[in-house]
There are 2 protein chains.
Amino acid sequence: MNPTIKDVAQKAGVSIATVSLVINNHKRISSDTKKKVQKAIKDLNYYPSRSARDLVSKKTGNIGFILTDDHFLRTEPFYTRIFLGTEFEARDGEYYILLTTIKSDYSEKDPLPRFILDRSVDGVIVAGKIPEVLIDKLAKYNLPLIFVDYTSAKENFPVVLIDNIQGGITATNHLISYGHKNIAFIGGDINHPSINERLIGYKKALENAGINPNKKFISTTSPYPDRQNGYNSAKKIFSTQKDVTAVFACNDAMAIGVMHYLKDSGFSIPNDISIIGFDDVESDLMLDPPLTTIRVPKIELGAEALRLMINTLKYKNSNAKKILVPVELIIRKSTKSIK
Amino acid sequence: MNPTIKDVAQKAGVSIATVSLVINNHKRISSDTKKKVQKAIKDLNYYPSRSARDLVSKKTGNIGFILTDDHFLRTEPFYTRIFLGTEFEARDGEYYILLTTIKSDYSEKDPLPRFILDRSVDGVIVAGKIPEVLIDKLAKYNLPLIFVDYTSAKENFPVVLIDNIQGGITATNHLISYGHKNIAFIGGDINHPSINERLIGYKKALENAGINPNKKFISTTSPYPDRQNGYNSAKKIFSTQKDVTAVFACNDAMAIGVMHYLKDSGFSIPNDISIIGFDDVESDLMLDPPLTTIRVPKIELGAEALRLMINTLKYKNSNAKKILVPVELIIRKSTKSIK
DNA sequence: TAAGATTAGTTAAACGTTTAACCGAGGGAA
DNA sequence: TTCCCTCGGTTAAACGTTTAACTAATCTTA
């Protein structure tokens, strides 16, 4: 079997308590014994048993990560990157991430993830929009709960968010600085806070520039912000509004849909129409032209969430922090100055 | 704190051993006591402590899942679906899946995943191609190791594979049955067993039909089977070979690249050229026309791997099983009969 | 009826840690 | 010299399960 703390103690000629103190580098240990013990640990290739440790310390060493299945399976690796950021950050620490998906139409009678029921996690990170009913059920367990890229309107949880408003402003300003005035906004369900905030940023930037937002240029009726809906929304707008010269799509997926529509309709990008996206879902999309967009640091979002969780766990401070992660304008070839 | 087995025992008026026996439904318990105990468990909302259980049973209740980061972040949700299949299957059982990615250029001096080092898993599932050096390092730990969609040539591990040869035959037969004779094969690195096997199937089907495989119709020099390389390979073949009427791409990503090239070059699909892919990565790709392909049951692959792992863990039978998962022809609009 | 077998449940040890309480040695102050 | 403090380490209890070994009661069987 694997070596235990006992073997180490024996080999180093000390008690098991001493070994334990060395491992958790307690100060009450001389550097001599410390070295001896560390040598023994190395020689035996000893690793503490997690279950024994967890049992006595009443921790599990796991963090749950909840995602809806459609978010997990999205074509563009957005939430998967957020997850990866969490996993990267956990990797060097002492936590493991337990990922589970839930159905996006989770309802009252669906069971909670097993890791909640059998208390296999010390806290839960929720990424993306999930049904309110699940939030309610989760809140009943007094587990630390942290949200990423979404949060409940009703309750006040610690959360890591994209600075969407600033991103919306930056994107719109970029188009304005290129001389565009008639800028369309193509978004999905306005009830999703991220999309709404990007729209707010869009409007703010227009107002700052003295441009009156035109309702006919704004599409927010699509249920889900994917390519197909980007295509459809573009169709609706461009078939009636002839003087639009630029599009701000609420994410890259919709932007790609818009590009498809424009190509199909004989428009040239960026000569006829400039287009900017949001998210920067890096992938071999073979887009032509490459899409100007607002980069969201997805890995960073996930890492930030885990750090927040670890802090919450460590200091039990439950004052609900909000962390706004900044975004960045990435200029490629899909936008063009018309001055 | 959470209720323990002690609380349940007290409430039910039995010993803790009895409670334990009920939980693991041992036969030596009358149905009367069983009911009493189960009621107490329900009343107290009791769940056994995993760490205590693991400590005594010397299990961890976790299965590691290793994936290279580029596989995890692929545009098409292929390996993520395999993972999900594993997670689905684990969900109702008693295992948790610990997912970790490794760099695709993992080298000798990179550390092993932490869950291996500190023995936090009972077994490891490896999905997709990983560097041989990692396999060697993993093999040193005597942990059950199961491969999915890849396996080491050197050693004999239990493995769950796609029936690629049959898939290659089915795909090619489909084209042959539509009257095609000059069928191109567009693949990536031939060292990847899956791709090689699909090519073998292609050749077999041609031979069965009395058609001599033409080397000029076969491209296997791309390093990675993605869209861009599909595009490039198509360019190479179609710029010299004028009588090709159909393409069998080794996966959907390359097929999409091929479609892009054909469109850019003014070909009509399927009127001028028929094309079939492999994998069936369902997604909102807005492909026009929809791609005929060979469906790989990805969820099923993952689930099968977990079942194999659980069996290995349960019966310690280490005879390296090989499971071939069948595939299915999905006819859409990208192939057309030319008879 | 007595001995053995079966049934249903209990006792207690064990798993591998952490950590509060304890202890002995040496040094300094009164 | 005596008392107290500090330093560096040890002892032992506790965490919540599983399970081998045991026991008491009932049932069979000759």
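Chain letters run A, B, ... following the sequence lines, proteins first and then strands; every chain starts at 1.
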**Distance, rounded to the nearest Å, where B:Lys36 contributes NZ and C:dT10 contributes C1'** = 13 Å

**Complete:** For B:His71, the side chain to side chain donor-acceptor pair (under 3.5 Å) test, sequence neighbours excluded, returns B:Thr68

**Item:** Residue list, side chain to side chain donor-acceptor pair (under 3.5 Å) with A:Tyr95, at least two apart or on another chain
**Value:** none

**Prompt:** With B:Asp54, which residues qualify under side chain to side chain donor-acceptor pair (under 3.5 Å), at least two apart?
**Reply:** none

**Message:** In this structure, how many angstroms lie between the C1' atom of C:dT17 and the OH atom of A:Tyr47, rounded?
**Reply:** 17 Å

**Message:** Here's one to test your reading of the geometry: is the NZ or CZ of A:Arg74 within 45 degrees of the ring axis of A:Tyr79 and under 6.0 Å from its centre?
**Reply:** no

**Asked** What does B:Ser51 touch in the nucleic acid at a heavy-atom separation under 4.0 angstrom: a base, only the sugar-phosphate, or nothing?
**Response** nothing

**Rounded distance (Å) that lies between atom C1' of D:dT17 and atom CD1 of B:Ile41** = 13 Å

**Fill in**
In short, side-chain hydrogen bond (donor to acceptor under 3.5 Å, both in side chains) pairs touching residues 5-15 of chain A with sequence neighbours left out are A:Ser15-A:Thr18

**Prompt:** Base, sugar-phosphate, or nothing: which does B:Asn24 touch, judged by heavy atoms less than 4.0 Å apart?
**Reply:** sugar-phosphate

Every protein N/O lying under 3.5 Å from an N/O of nucleotides 21-28 of chain C:
{"residue": "C:dA21", "atom": "N6", "partner": "A:Arg28", "partner atom": "NH1", "Å": "3.4"}

**Prompt:** Considering residues, nucleotides and ligands other than A:Lys322, do more than 12 of their heavy atoms fall under 6.0 Å from its NZ?
**Reply:** yes

**Message:** In this structure, how many angstroms lie between the C1' atom of D:dT18 and the CG atom of B:Asn25, rounded?
**Reply:** 15 Å

**Complete:** Whichever of A:Tyr46 and B:Ile29 has the more 5' nearest nucleotide on DNA chain C, that residue is B:Ile29

**Message:** Quick check for you: among D:dG8, C:dG16, D:dT17, whose closest atom lies nearest to any side-chain atom of B:Ser49?
**Reply:** D:dT17

**Among D:dT17, C:dT10, C:dG16, the one nearest B:Leu21 by side-chain distance** = C:dT10

**Prompt:** B:Ser51 and A:Arg119: side chain to side chain donor-acceptor pair (under 3.5 Å), yes or no, with the steps?
**Reply:** CA-CA 10 Å; B:Ser51 42; A:Arg119 274 89 167 180; over 6 Å; no

**Message:** Just to be sure I understand the geometry, which residues of residues 9-19 of chain B put a non-hydrogen atom under 4.0 Å away from DNA chain C?
**Reply:** B:Val14, B:Ser15, B:Ala17, B:Thr18

**B:Ile63 and its side-chain contact (heavy atoms from CB on, under 4.5 Å) partner, picked from B:Leu306, B:Val121, B:Ile310, B:Leu143** = B:Leu306

**Message:** For a quick test of reading the model: is some side-chain N or O of A:Ser20 closer than 4.0 Å to OP1 or OP2 of C:dT18?
**Reply:** yes

**Message:** By nearest atom, which of the nucleotides D:dA14, D:dG16, D:dG8 is closest to the A:Ser30 side chain?
**Reply:** D:dG8

**Item:** Spacing between A:Lys59 atom NZ and C:dG16 atom P, to the nearest angstrom
**Value:** 23 Å

**Item:** Between B:Ser30 and B:Asp32: side-chain donor-acceptor atoms closer than 3.5 Å
**Value:** no

**Item:** d(CD1, B:Ile5; P, C:dT10) in whole Å
**Value:** 12 Å

**Fill in**
B:Lys6 atom NZ is separated from C:dT10 atom P, nearest whole Å, by 16 Å

**Request:** Using atom CG of B:Asp118 as one end and atom P of C:dT17 as the other, report the distance to the nearest whole Å.
**Result:** 12 Å

**Message:** Would you call the rings of B:Phe83 and B:Phe65 parallel, tilted or perpendicular, taking 30° and 60° as the class edges?
**Reply:** perpendicular

**Side-chain N or O of A:Lys58 closer than 4.0 Å to phosphate OP1/OP2 of D:dG16** = yes

